[in-house]
Amino acid sequence: MRPLVAGNWKMHMGPTETRAFFGAFAPKGGDGAVQVLIFPPAVSLSVAAGTVGTDGPVTELGVQNIHWEESGAFTGETSASMAADAGARYALVGHSERRHVFGETNAETALKVARALATGLIPVLCVGETLEERRRGDLETVLLAQLEAGVAPVVASPGAELVVAYEPVWAIGTGETATPSDAATAHGLLAGRLAELLGSERAAGVPILYGGSVKPGNAAELMASPRVDGVLVGGASLDPESFSQIVEAAPRVR
Ligand code: PGA
């Protein structure tokens, strides 16, 4: 599969900065060998969509969060169909900041995955353990519980696409990165369970991304690990130059 390099802009980059980013983002070797996906804030999706073309380096856009209901009295929320209308093809679901800052549960994550699928958006299901959970030896229990909850609606939707992102909470925005061997262990665990849940053929087509302090200096090494099919980048995706370097670091042949 083509490596997938995704940028999660979090609560950064309004429409003006988004326009400037797309004007400056020009990774070398823009030959389509790498799939490049950006998650701008919802208010910047339309502007971003106007600049994403078949020739540009960014191939797809996604929304950072959706509500599980189709529409209604949910002040401040973004629906999956609105995001799709604004240009999103993917939806981040269960990012650790949603889980740990906003208290999102596995059950809510599952509802959001179901809504994304019903709307034709591809969910990018984020899973990851906290430092405390890792130290307690609960890595496997936590990751598999998050994975199983989020994948259940995918099991029920034959043919639906999915992306999984392993993002250890202790590595997000901290400068701490999982070692390639930590990443390989977690990705192997997730790939194995995905094969049980979806069947091995379908599971093999689900990219598993690594996220957490990915930088130009560590991206190539991480993406060389087994079953690390790409990266989900926060801070380093805000700068067109560093994000370009990460795209350039992706392996060209898998
Ligand atoms: P970071 O964020 O690269 O800034 O650690 C990753 C993420 O939260 O997706």
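Indexing begins at 1, ligand by ligand and atom by atom, following the structure's order.
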Per-atom contacts, ligand 1 versus [X] - under 4.0 Å to a heavy atom:
| X | answer |
| --- | --- |
| H95 | 7 (C), 8 (O), 9 (O) |
| N8 | 9 (O) |
| G235 | 1 (P), 3 (O), 4 (O) |
| G212 | 5 (O) |
| S213 | 1 (P), 3 (O), 5 (O) |
| A171 | 5 (O) |

Specify the protein heavy atom at minimum distance from [atom]: its residue, its atom name, and the distance to 0.1 Å.
| atom | value |
| --- | --- |
| atom 2 (O) of ligand 1 | K10 NZ, 3.3 Å |
| atom 6 (C) of ligand 1 | G234 N, 3.5 Å |
| atom 9 (O) of ligand 1 | E167 OE2, 2.8 Å |

Original post:
What do you reckon, does G173 put a non-hydrogen atom under 4.0 Å from ligand 1?
Top reply: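 Contact check G173 vs ligand 1: positive.
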**OP:** Evaluate the side-chain proximity of F39 to L61: yes if any heavy-atom separation is below 4.5 Å, no if none is.
**Re:**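 L61 vs F39: side chains apart.
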**OP:** Please work out whether the ring planes of F21 and F243 are parallel, tilted or perpendicular, with thresholds of 30° and 60°.
**Re:** tilted
Subject >> side-chain hydrogen bond (donor to acceptor under 3.5 Å, both in side chains) involving E201 - partner list, sequence neighbours excluded >> reply: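 Scan of E201 (side-chain hydrogen bond (donor to acceptor under 3.5 Å, both in side chains), adjacent residues dropped) gives none.
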Subject >> Short N-O contact, E196 and R193, less than 4.0 angstrom >> reply: yes
